[in-house]
Amino acid sequence: MARTMKFFLTTAIDFVNSRPHLGTAYEKITADVIARYRRLAGFDTHFLMGNDEHSQNVFRKAIEQGKDPLAYCDEMEQVFRDVWRRLDLSFDDFIRTTDQKRHKPAVQAMAQACLDNGDVYEGSYEGFYCVGCEAFKQEKDLVEGNCPIHNTKPQWIREKNWFFRLSKYQQPLLKHYEQHPTFIQPDIRRNEILRLVEGGLEDISMSRAGQSWGISVPFDPSSVVYVWFDALINYAAAVGYGWDDALFKKWWPANLHIVGKDITRFHCVIWPAMLMSAKVELPGQVFGHGWVYFKGERMSKTMGNIVDPLDAADRFGPDPLRLYLAKEIPYGGDGDFTWERFEEKYNADLANNLGNLVNRVASMTERYQGGRVAATGGGALAAIAAHSVAAYRTAMDVHALHDGAAAAFRLVSAANNYIAETQPWALAKDPSKAGQLNGALADTAEAVRIAAVLLSPIMPASSAEILRRLGDDRAQRDRRLDADTAWRTSGEKQILNTGALWPRIEADKGVVSVSDETPKAPEAPAAPAAPAVITIDDFMKAHLKVARILEAEKVPKSQRLLKLKVDAGEAEPRTILAGIAESYEPEALIGKSVVIVANLAPRKMMGQESNGMVLAASPEGGAAIVLNAEPATPGTRVR
RNA sequence: GCCGGAGUAGCUCAGCCGGUUAGAGCACGCGUCUCAUAAGCGCGGGGUCGGCAGUUCGAGUCUGCCCUCCGGCACCA
């Protein structure tokens, strides 16, 4: 046996300003499947997860709730860990970016290394700064030199900033992509990144001045490391970078970073550049997975349609959900979750096929042979098993989880077939065919055993239970893909007949049935609070009023902008640019009365100035719906 | 607007470098066994392979144009 290979994989660390939902759970579950597969395949595996805490949003969220930021993060860690536990995730390590012992020294070490190698320089961000807004203003946004919101003259200030020389790494990155074709996967993401980098890279700010929530820049204690720079380093920090060389040497480089497709650019461009700068080896692969939609709609933290992953996991255990996510969604692409489909797959794959198979084998073995079977040669079924195992490995080696799962289920089907062909119940009636009877049952049981081993990364608890019933109650860590998927031609099994693993979901019985109409219970107590409370005075700062649309036309070259001329009861019609071109034809809007924000700072977009904003309901990923103010007359105050 | 991806049976999808009657799973219908969770097994449905035009002896499979959908970029205060 060759020396043990290591496999270090990570998932994105999560912001803790809201609890995990199906979208984040999807990433962790699929990563967990991969981690478990690698362990099964004999790799010395290290699976890292964690939380990203140095975000201003997290800081704000904590303050809103009147909590100390760190205490808030502590609480959220428990919320996250609780969800992950219920999904049966087998992470080996969990890192937080507020970790003082591991993360802080790593971040500081890498910042220092980048500085030492000449890739960090002091620059300044300068511009008009409005004290009232606590923000820099673009010159184009100023009205007669004043901040349009506060009507005061902004100051010209320079904020010291540290920049990372990303531009220097354009060619090295392109070269790396070329030499390592699978560095970015799937190919769609790779193409995107290639084009992005080919288009040129700009240096980026890697520090923020005047903030306290973050890790201080080692060579400039008055600044903190910018959150993205901070966050990426978690992968190296967790395994010793900057604080334990031996540990780092053991695990680095990471073999696989699993991230959402929205942040592949950070992981495929900035992160490798940082590592090159710090003279650290690059990870083997970044895999950008897709989204899981819910009934075709994008999952989002702010949406009400959150399917708490625990809904499915709590009702049926984590495995049916895990199987659904791994098997029904080609890994790398987007997928959809609906309760109908979940139910359908649950009944077909688990109740009817696998569960029922386990049941009938156990039942017949018990009835005909007192629960015992003696292994035989196998024959046709053994050959099918071998094919399934091979297909499964091929798929799983390249993270084609859906194909891997399908391969395992082909073996399950073959076993069901085999029973129909051999008809053990008929053989049982003829004492002279006892040998054939045993052979049929033993072969079927052996096929089930192998299928369970294949499925163990996807459905760990269920597979363990099946294997236990088949007389293998070893710990999962003691199983190995090679040895345990080989057809056994000798030995006896004592099979337990202990009832259904997955009772069918019968919609019309209404007992365990679920449906899309299942009302969402209010979020659990740990749910984050509502947005910050404001006073009536705060609200009144916004001057909302009714305006009638006089003209509407598309803004050239813009995908979502419409240019509107509206009568807001003022002397002159005003021009407003609204991002609703995807939902409305210009003509359809003329004559409509809508609600606008009248005192919003003017702003230029696509070369044209907008004076105000049209209020619209804006579903995540959906079509905007402008608020209908008819029949109120233009100029009427809205409050 | 620019750049990518996709459009194959009701649903979810396979279909390398072009080649016999276009496939799988699920759902559905019929038949059938009875060990089993009214599960299993067998059979079936005849889908213009988004549209048009080309290349070719021959095209879901190549080329061009068009339509639709989805992503990325600009833009969405």
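The structure presented is a predicted model; accordingly, all values stated were derived computationally and were not measured. Letters go in sequence order (proteins before strands), and every chain restarts at 1.
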(request) Give a yes-or-no answer on whether the side chains of A:R367 and A:N497 include a donor-acceptor pair shorter than 3.5 Å. (result) no

(message) When you compare the side chains of A:D443 and A:T376, does any donor N or O come within less than 3.5 Å of an acceptor on the partner?
(response) yes

(message) Closest approach to the side chain of A:I188, judged atom by atom: which nucleotide of B:G5, B:C35, B:C41 is it?
(response) B:G5

(request) Could you tell me the separation between the CZ atom of A:R469 and the P atom of B:U37, rounded to a whole number of Å? (result) 12 Å

(request) Would you mind telling me which residue lines up with the more 5' stretch of RNA chain B, A:E344 or A:L196, judged by nearest nucleotide? (result) A:E344

(request) Using the P atom as the reference point in each nucleotide, state the distance between B:G7 and B:A14 in Å, no decimals. (result) 8 Å

(message) I want to confirm an ordering. Mapping A:N347 and A:R189 to their closest nucleotides on RNA chain B, which one lands closer to the 5' end?
(response) A:N347

(message) Would B:G60 be called syn or anti here, given the cut-off of 90° from 0?
(response) syn

(request) Can you tell me the pairing partner of B:C16 across any strand shown, Watson-Crick or G-U wobble, with both distances under 3.5 angstrom? (result) none

(request) Compute whether any side-chain donor of one residue and acceptor of the other, for A:Q436 and A:N438, lie under 3.5 angstrom apart. (result) no

(request) Ignoring the backbone of A:A500, work out which of B:A36, B:U37, B:U34 is nearest its side chain. (result) B:U37

(request) Starting at atom NE2 of A:H543, determine the distance to atom P of B:A77, rounded to an integer number of angstrom. (result) 20 Å

(request) Can you figure out which of B:C35, B:C76, B:C26 approaches the side chain of A:W425 most closely? (result) B:C35

(request) Would you kindly give the CD1-to-C1' distance between A:I419 and B:G42, to the nearest whole Å? (result) 16 Å

(message) Using a heavy-atom cut-off of 4.0 Å across all strands, would you classify A:N416 as base, sugar-phosphate, or nothing?
(response) sugar-phosphate

(message) If the cut-off is 4.0 Å, is A:N417 near the phosphate of B:G42, judged by side-chain N/O to OP1 or OP2?
(response) yes

(request) Verify the neighbour count for atom NE2 of A:H387: are there more than 12 heavy atoms of other residues, nucleotides or ligands below 6.0 Å? (result) no

(message) Any donor-acceptor pair under 3.5 Å linking the side-chain atoms of A:R372 with those of A:T365?
(response) no

(request) Name the nucleic acid region contacted by A:F409, choosing base, sugar-phosphate or nothing; use a 4.0 angstrom heavy-atom cut-off, strictly under. (result) nothing

(message) Let's see if you can work this out: which of B:G71, B:U34, B:C26 has an atom nearest to the side-chain heavy atoms of A:K261?
(response) B:G71

(message) Which nucleotide, if any, forms a Watson-Crick or G-U wobble pair with B:C52, using both distances under 3.5 Å?
(response) B:G64

(request) Looking at every strand, decide which applies to A:N356 at a 4.0 Å heavy-atom threshold: base, sugar-phosphate, or nothing. (result) base

(request) Check every atom of B:A36, B:C26, B:C35 against the side chain of A:Y368 and return the nucleotide holding the closest atom. (result) B:C35

(request) Can you tell me the pairing partner of B:U32 across any strand shown, Watson-Crick or G-U wobble, with both distances under 3.5 angstrom? (result) B:G40

(request) In whole angstrom, give the distance that lies between atom CD1 of A:I505 and atom P of B:U37. (result) 17 Å

(request) Classify the angle between the aromatic ring planes of A:F183 and A:H176 as parallel (below 30°), tilted (30 to 60°) or perpendicular (above 60°). (result) perpendicular

(message) Check this one for me: any side-chain N or O of A:R504 less than 4.0 Å away from OP1 or OP2 of B:A39?
(response) yes

(request) Hunt down the Watson-Crick or G-U wobble partner of B:G10, both distances under 3.5 Å, from any strand shown, or write none. (result) B:C26

(message) From CZ of A:R265 over to C1' of B:G4, roughly how many Å is that when rounded to an integer?
(response) 13 Å

(message) Any base atoms under 4.0 Å from A:A351, or only sugar-phosphate, or nothing? Heavy atoms, all strands.
(response) base

(request) Could you measure between the two C1' atoms, the one in B:U56 and the one in B:A74, and give it in whole Å? (result) 42 Å

(message) Output the rounded distance in Å from CD1 (A:I329) to P (B:C11).
(response) 18 Å

(request) Calculate the interatomic distance between A:Y346 atom OH and B:A27 atom P; express it in whole Å. (result) 15 Å

(request) Assess the side chains of A:S167 and A:D203: does a donor N or O sit below 3.5 Å from an acceptor N or O? (result) yes

(request) Would you mind telling me which of B:C3, B:A36, B:G72 lies closest to the side-chain atoms of A:R195? (result) B:C3

(request) Determine: side-chain N/O of A:R367 to OP1/OP2 of B:A36, distance under 4.0 Å, yes or no. (result) yes

(request) Rounded off to whole Å, could you give me the CG-to-C1' distance for the A:N497 and B:A36 pair? (result) 10 Å

(request) Identify the nucleotide, in any strand shown, that forms a Watson-Crick or G-U wobble pair with B:C69, with both distances under 3.5 Å; if there is none, say none. (result) B:G5

(request) Counting Watson-Crick and G-U wobble pairs only, both distances under 3.5 Å, name the nucleotide matched with B:G46, or none. (result) none

(message) Within the 4.0 Å heavy-atom criterion, would you say A:L577 contacts the bases, only the backbone, or no part of the nucleic acid?
(response) nothing

